[in-house]
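Heads up: numbering here begins at 1 and tracks the sequence.
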Amino acid sequence: MPSIVLATLNAKYPHCAFGLRYLLANMGELRDETALLEFTINQQTLEILDAILAQRPGIVGLGVYIWNVAETTRLVSDLKRVAPDVIVVLGGPEVSYETDQQELARLADYVITGEADLAFGALCRELLAPLAPALRGEGPGVRGSSLLVPSLPSSGERARVRGPSDDDAHNLESIVLPSSTSNSQLSTFDSQPTKAPLTLALSPQGRGEGTKPRIIHAPVPTLTNLALPYDLYSGEDLAHRVIYVEASRGCPFTCEFCLSALDIPVRQFPLDEFLAAMGRLLERGTKCFKFVDRTFNLNLRVSRAILDFFLERYQPGMFLHFELIPDRLPDSLKELIVQFPSGALQFEVGIQTFNDDVSNLISRDQDNDLVEQNLTWLRDHTSVHVHADLIVGLPGESLDSFAAGFDRLVRLKPHEIQVGILKRLRGTPIIRHDAEWQMVYSPHPPYEVLQTKLLDFATIQELRRFAKLWDTIANSGNFVETLPLVWEGIRGQQAGGRQEDFLSVSPLPVFPSGERESPGSASDCGPSPFTEFRHLATWLFTRAGQAHGIALSRLVELLFEYLTTERGLVPTHVAAVLWRDYQRGGRSDKPHCLRPFITEPPPAINTPTDRGGSGPKRQGRHHPQATTR
């Protein structure tokens, strides 16, 4: 039965607790005494608490992140009320900075800041040191089938633990640990069941001399000293969850909004050992790998070796996600990238802003001309799925500036554009701009910006809705052909007739702020995607009363109405485009609004399933291939 529980609350079930698997892999001789439990933020706090305490642990280690800090605070608060002698150890990026300011840190016994791969095991070893002789069947602590040990230091009494003595046996409050447990809803790595119940005696006495600091700053581990965690992925993980891997840690850049700016220099894991672990995952049937390296293409020797490794072992359905530096794509990488088939590679490319003044302000070094060249090459010469990021609310970024950057990125044709709202992550130096640019952030996770000197609250709220609807309509891959109609209409040569037969120009929209001349509307490159989609987002929010959670069939109806009434497009042509898009996910039920205009089914769309399941379905919808059945 485990004396240590490692646990965290994931954002969703498919997300694995990668960090906790590192801790478990590096527990040394305590690994068999440690259980790993995973929950989600949607589970009830008391259900989570019940599952943890069912393990009867002496130590509970919790991974704390921006998405679970509120839920974890409630969990620890309740845990300390019903089991005050259980030692709570916190770790993770959310508690690694501004630690003293957090209620959660005050509730816990210990907080380990930084990379705790080795530090957590070392702390547990120290706290459990008195158990070692008894676990070997030696010493006065052993009485029949039960083990009696002094209390571990709890909140307010964080003293070093001394060994058991006869005096301790006179005043013991015992917790009997059952020999085994099960919970089919948890991903658990348990110790082997003990032959007899283990009694962990918790006492207010027996404290010993000296006090251990509550906050422990973990030294940066040497990566060659770490045991890799990949064998701890279960068969269920491999079949149903995201498999995270990393070949390096750190980032050479100093972007002030990012925690990676504090993590310098870049360190590499031993390449041979890493590739051997990837080989074992492949042998176990793993097909989707998400690399969490911040700068995969920084070390070209390593990135080439990894691409070559997977290319040699490619099987249909393989999907590799990498985060790339957008202005670094030399020919030595290109010659490997072009060899991967459609659906095999996804590159996450952090653009964040195209405004050079804003980039300089936040210490971001980026050659935007090279970014354009590289994105253009990826779209023109490869089948890589390109996911690009932009941030709303950066210091010095106006609505005009963001709109121009958005339009510039749309014309480079990445498959997805993630529009994110700036977050003030704990510890990041972005706060140095607060006074000059009047940055106002929410004090609650995820600490998003509420307003700036250049963007008021109403505008940021509008852009927040814009981002949600862009993700629903554009990024989802459900409206690949429909989306360009929002700003281009139906071109005559595509529709089989004259341009004026299919598109009537609507007047400039009136936005919530009252202006008619929207940022980005005046362009030598044609209509502004930002302006037109902003109009659509405003119309949809007014019409539907929400910006997310709109059912797909309802969204088809709304888009049909918007394009035929607001944009003035011919219904038969809009219906044909929407019907082709609707089929991308393998759907055959014809939406009611399209039925009067669709008399014969168009050529079927080759869905991700038809192509042998190459990559996730969302990405597959962006790479259709028409076929006739």
Side-chain angles (χ1 to χ4, degrees), residues 251-261 294-295 323-329 347-376 378 386-425 428-434 436-441 446-456 459-464 466-467 470-471 474-475 518-523 525 528-531 533-534:
C251 180
F253 304 110
T254 55
C255 308
E256 295 177 9
F257 55 81
C258 183
L259 277 174
S260 296
R294 292 299 183 188
T295 52
E323 187 169 335
L324 260 62
I325 305 168
D327 55 4
R328 180 176 173 80
L329 202 60
F347 290 168
E348 182 174 348
V349 182
I351 306 300
Q352 318 311 358
T353 180
F354 272 118
N355 186 318
D356 291 336
D357 292 335
V358 173
S359 291
N360 292 334
L361 198 63
I362 60 173
S363 306
R364 181 174 177 82
D365 183 17
Q366 179 171 285
D367 186 328
N368 287 325
D369 290 335
L370 279 178
V371 169
E372 284 200 354
Q373 293 175 28
N374 290 337
L375 289 183
T376 300
L378 286 170
V386 179
H387 172 114
D389 300 328
L390 285 178
I391 296 178
V392 168
L394 290 169
E397 186 96 87
S398 67
L399 186 59
D400 284 351
S401 169
F402 179 82
F406 183 87
D407 285 350
R408 185 175 179 179
L409 185 54
V410 167
R411 292 189 174 99
L412 294 173
K413 300 182 179 179
H415 300 92
E416 300 185 41
I417 299 176
Q418 180 175 320
V419 178
I421 308 299
L422 176 66
K423 300 173 178 61
R424 192 203 77 82
L425 303 180
T428 54
I430 195 76
I431 58 173
R432 74 184 184 92
H433 302 289
D434 285 2
E436 179 182 0
W437 293 101
Q438 300 171 24
M439 310 293 290
V440 178
Y441 299 93
Y447 316 116
E448 291 182 333
V449 67
L450 300 176
Q451 64 184 35
T452 75
K453 182 179 180 178
L454 301 178
L455 297 174
D456 62 17
T459 301
I460 288 184
Q461 278 298 98
E462 184 194 348
L463 292 176
R464 195 185 308 274
F466 177 103
W470 181 268
D471 191 62
N475 294 343
S518 174
S521 60
S523 171
C525 301
S528 162
F530 177 84
T531 297
F533 194 87
R534 186 185 179 198

Residue pair Ile460, Val449: steps toward the side chain to side chain contact (heavy atoms under 4.5 Å, CB included) verdict: CA-CA 8 Å; Ile460 288 184; Val449 67; 4.1 Å; yes
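Between the side chain of Asn374 and the backbone N or O of Pro326 there is at least one donor-acceptor pair closer than 3.5 Å. Between the side chain of Asp327 and the backbone N or O of Asp367, at least one donor-acceptor pair lies under 3.5 Å. With hydrogens and angles disregarded, no donor-acceptor distance shorter than 3.5 Å links the side chain of Asp471 to the backbone of Ala467. Between the side chain of Thr376 and the backbone N or O of Glu372 there is at least one donor-acceptor pair closer than 3.5 Å.
Taking each heavy atom of Ala403 and Phe530 in turn, the nearest pair found is CB-CD2, 3.4 Å. Residues Gly393 and Thr452 share a closest heavy-atom pair of O-CG2, 3.7 Å. Considering all non-hydrogen atoms of both residues, Leu361 and Arg432 come closest at O-NH2, 3.1 Å. Scanning both residues, Leu394 and Met439, for their nearest heavy atoms gives C-CE, 4.5 Å. Heavy-atom minimum distance, Ser398 versus Leu455: C-CD2, 4.1 Å. Contact detail for Thr428 and Glu256: the closest heavy-atom pair is CB-O, 3.3 Å.
Rounding to the nearest 0.5 Å places CZ of Arg411 at 10.5 Å from CZ of Phe406. Expressed to the nearest 0.5 Å, how far CD of Gln418 lies from CD1 of Ile351 amounts to 12.5 Å. To the nearest 0.5 angstrom, Ser359 atom OG is 9.5 Å from Phe354 atom CZ. For the atom pair CD1 (Ile431) and OH (Tyr441), the distance works out to 9.0 Å, reported to the nearest 0.5 Å. Atom-to-atom distance recorded for Lys453:NZ and Glu436:CD is 6.5 Å, nearest 0.5 angstrom. Rounding to the nearest 0.5 angstrom, the gap separating the CG atom in Leu425 from the SG atom in Cys258 is 7.5 Å.
At least one side-chain heavy atom of Leu329 sits under 4.5 Å from a side-chain heavy atom of Leu378. Looking at heavy atoms from C-beta onward, Val349 lies out of side-chain contact with Pro414 at the 4.5 angstrom threshold. Using a 4.5 Å heavy-atom cutoff, the side chains of Leu399 and Leu463 are in contact. Contact annotation: the side chain of Val410 never approaches that of Phe533 to less than 4.5 Å [non-hydrogen atoms, C-beta and beyond]. At a threshold of 4.5 Å between non-hydrogen side-chain atoms, the residues Thr353 and Ile391 do not count as touching. In this structure, Gln373 and Leu370 have side chains that are in contact, with non-hydrogen atoms separated by less than 4.5 Å. Annotation: side chain of His387 is not in contact with side chain of His415 (no heavy-atom distance under 4.5 Å). The shortest side-chain heavy-atom distance between Pro395 and Leu422 falls under the 4.5 Å cut-off.
In this structure, Phe466 has its ring center at least 6.0 angstrom away from the ring center of Phe402.
In this view, Gln366 and Arg364, Asn368 satisfy the side-chain hydrogen bond (donor to acceptor under 3.5 Å, both in side chains) rule, not counting sequence neighbours.
With Phe257 as the fixed residue, the side chain to side chain contact (heavy atoms under 4.5 Å, CB included) test singles out one of His433, Lys423, Gln352: Gln352.
Between the side chains of Thr459 and Asp456, a donor-acceptor pair is found at a separation under 3.5 Å.
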